[in-house]
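Values reported hereafter were calculated over all heavy atoms of this structure, with side chains retained and with hydrogens, waters and symmetry mates removed. Sequence positions, counted from 1, serve as the residue numbers for this chain.
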Amino acid sequence: MGCFAFPPFPPMKELRILLADDHEVVRQGTRMLIEKQEGWNVCGEAVDGRSAVAMAEMLRPDVVVMDIGMPELNGLDAARQIKRALPKTEVLIFTGEETDQLIHEVFAAGARSYILKNEIGEHLVEAIRALGEHKHYFTSHISEVVFARYLNGASGAGKDKTEGLTPREREIVQLLAEGKSNKDTANVLGISIKTVETHRAATMHKLRLDSFADLVRYAIRNKIVAA
C-alpha cells in the first residue's frame with residue numbers, strides 16, 4: 001500500500017522590510033526575528049517618524065514595521081504619509097497601549113495590522129507574512145474589537161479625535177508639544193516662522209484651547225506625542 005505524499009510548503013515570499021522605532025534594543029530584537037525568515041531582509045532602520053517616511057519613499061519597502069510613539073512624527077501620521085506616497089507598501093504598527101479608539105485610529109491611518117509590544121514574539125512573523133500578501137492580520141482581541149464595532153454600527157462613533165486638524169497642523173502640534181521652538185519647528189518642516197505661528201494660532205482656536213499647556217495635554221491625550 002503506497003503512502004500519501006504531502007505537497008511541499010510554498011517557499012517563503014521575499015520581502016523588504018523597514019523598521020521604525022526610537023529604541024535601539026527594540027529594533028535589534030525585531031530585526032533578529034525578521035531576519036531568521038528566509039528571504040526576508042531589513043532594508044533600513046529609522047529612529048523617528050519623519051525619517052521613516054523619508055526612508056520609505058527612498059527604499060520602497062514591501063512592509064513597514066513601526067512603533068506608534070516616535071519623536072518628530074508619530075506612527076499614525078507617518079503611516080498616513082507612507083500610504084499616501086506608497087499605496088502598495090503595507091504598514092504594521094505596534095504599541096504598548098490597547099484601547100478601542102486607538103485600534104480604530106491605527107486602521108483609519110492605513111495600517112493593516114496592530115500588535116502589542118508584548119505580543120511581538122508570538123505574532124510578528126505571521127503578521128508580516130499576511131501583509132506580504134496584502135492581507136490584514138488581527139490578533140484575537142483586535143478581531144473582537146473590530147467585529148464589535150461592526151455589529152454596533154460604531155464606524156461613525158469612533159471618529160479620530162484629531163481629524164479636524166490638517167496634516168500640517170498635526171505635525172506642528174507634535175513638534176511644539178515635544179518642546180521645539182517656533183524657529184526649530186520651521187526649520188524641521190522647511191517653512192517660515194510666521195507660517196508656524198499662523199498654524200499654531202489657528203490650531204489653538206480650532207481646538208478651543210487657552211494655553212500652550214492645554215495644547216501639550218491635547219497632544220498627549222490624542223497620541224500625537226508619547227506621554
Side-chain angles (χ1 to χ4, degrees), residues 14-37 40-98 102-103 105-132 134 136-137 139 142 160 162 167 170-175 177-178 180 188-189 219-220 222-227:
E14 292 188 3
L15 293 174
R16 299 174 66 254
I17 300 159
L18 173 66
L19 295 181
D21 192 291
D22 55 328
H23 296 97
E24 184 177 358
V25 172
V26 175
R27 293 198 313 276
Q28 288 179 348
T30 305
R31 182 172 195 139
M32 287 177 62
L33 286 172
I34 290 172
E35 294 194 332
K36 285 181 180 179
Q37 311 306 312
W40 290 10
N41 171 54
V42 174
C43 61
E45 296 185 24
V47 298
D48 60 66
R50 196 165 302 282
S51 60
V53 174
M55 292 180 71
E57 291 177 350
M58 178 178 64
L59 298 172
R60 306 181 75 84
D62 300 296
V63 177
V64 177
V65 176
M66 183 161 51
D67 186 14
I68 199 169
M70 292 187 294
E72 297 281 333
L73 189 68
N74 62 78
L76 290 175
D77 288 324
R80 290 186 181 96
Q81 292 189 21
I82 289 170
K83 291 299 294 182
R84 189 160 52 242
L86 302 167
K88 292 184 179 180
T89 293
E90 301 294 357
V91 178
L92 182 158
I93 288 182
F94 58 88
T95 175
E97 298 188 49
E98 178 182 21
L102 187 56
I103 292 168
E105 292 177 8
V106 164
F107 293 121
R112 282 184 183 258
S113 186
Y114 169 112
I115 295 178
L116 293 175
K117 285 188 175 181
N118 61 9
E119 297 177 325
I120 287 179
E122 182 180 358
H123 293 285
L124 180 68
V125 171
E126 289 303 317
I128 293 176
R129 183 179 288 116
L131 266 59
H134 301 288
H136 286 85
Y137 181 88
T139 61
I142 303 303
D160 184 345
T162 65
R170 287 176 60 95
E171 287 182 298
I172 289 173
V173 167
Q174 174 163 359
L175 293 169
E178 288 176 346
K180 289 183 170 57
V188 169
L189 298 177
I220 293 172
N222 290 284
K223 312 304 178 188
I224 296 176
V225 296

With sequence neighbours left out, write down each residue that passes salt bridge (Lys or Arg N to Asp or Glu O under 4.0 Å) with E119, or none if nothing qualifies. none
For R50, what residues pass the salt bridge (Lys or Arg N to Asp or Glu O under 4.0 Å) criterion, not counting sequence neighbours? E72, E171
Side chains of [X] and [Y], heavy atoms from C-beta outward: is any pair under 4.5 Å?
X   : Y   : result
L73 : Q81 : yes
E45 : M55 : no
V26 : F94 : yes
M66 : I82 : yes
V65 : I17 : yes
Q28 : R31 : no

Which atom pair, heavy atoms only, marks the closest approach of [X] to [Y]?
X    : Y    : value
V63  : G132 : CG2-N, 4.3 Å
I68  : L76  : CD1-CG, 3.9 Å
P61  : L18  : CG-CB, 3.8 Å
A219 : V173 : CB-CG1, 3.9 Å
Y137 : S113 : O-OG, 3.0 Å
I115 : A127 : CD1-CB, 3.5 Å

Side chain to side chain contact (heavy atoms under 4.5 Å, CB included) evaluation trace for R129 with W40: CA-CA 10 Å; R129 183 179 288 116; W40 290 10; 4.2 Å; yes
Going by distance alone, is a donor N or O of one side chain under 3.5 Å from an acceptor N or O of the other, for N74 and Q174? yes
Hey, what do you get for [atom1] ([X]) to [atom2] ([Y]), rounding to the nearest 0.5 Å?
X    : Y    : atom1 : atom2 : result
L59  : C43  : CG    : SG    : 5.0 Å
I34  : L15  : CD1   : CG    : 9.5 Å
E178 : D48  : CD    : CG    : 9.0 Å
L92  : H136 : CG    : NE2   : 11.5 Å
T89  : R16  : OG1   : CZ    : 9.0 Å
I93  : R112 : CD1   : CZ    : 13.5 Å

So does D21 get a backbone contact from the side chain of R27, meaning a donor-acceptor N/O pair under 3.5 Å? yes
Hey, could you give me each pair passing salt bridge (Lys or Arg N to Asp or Glu O under 4.0 Å) that has a residue in residues 54-67? Not counting sequence neighbours. D67-K117
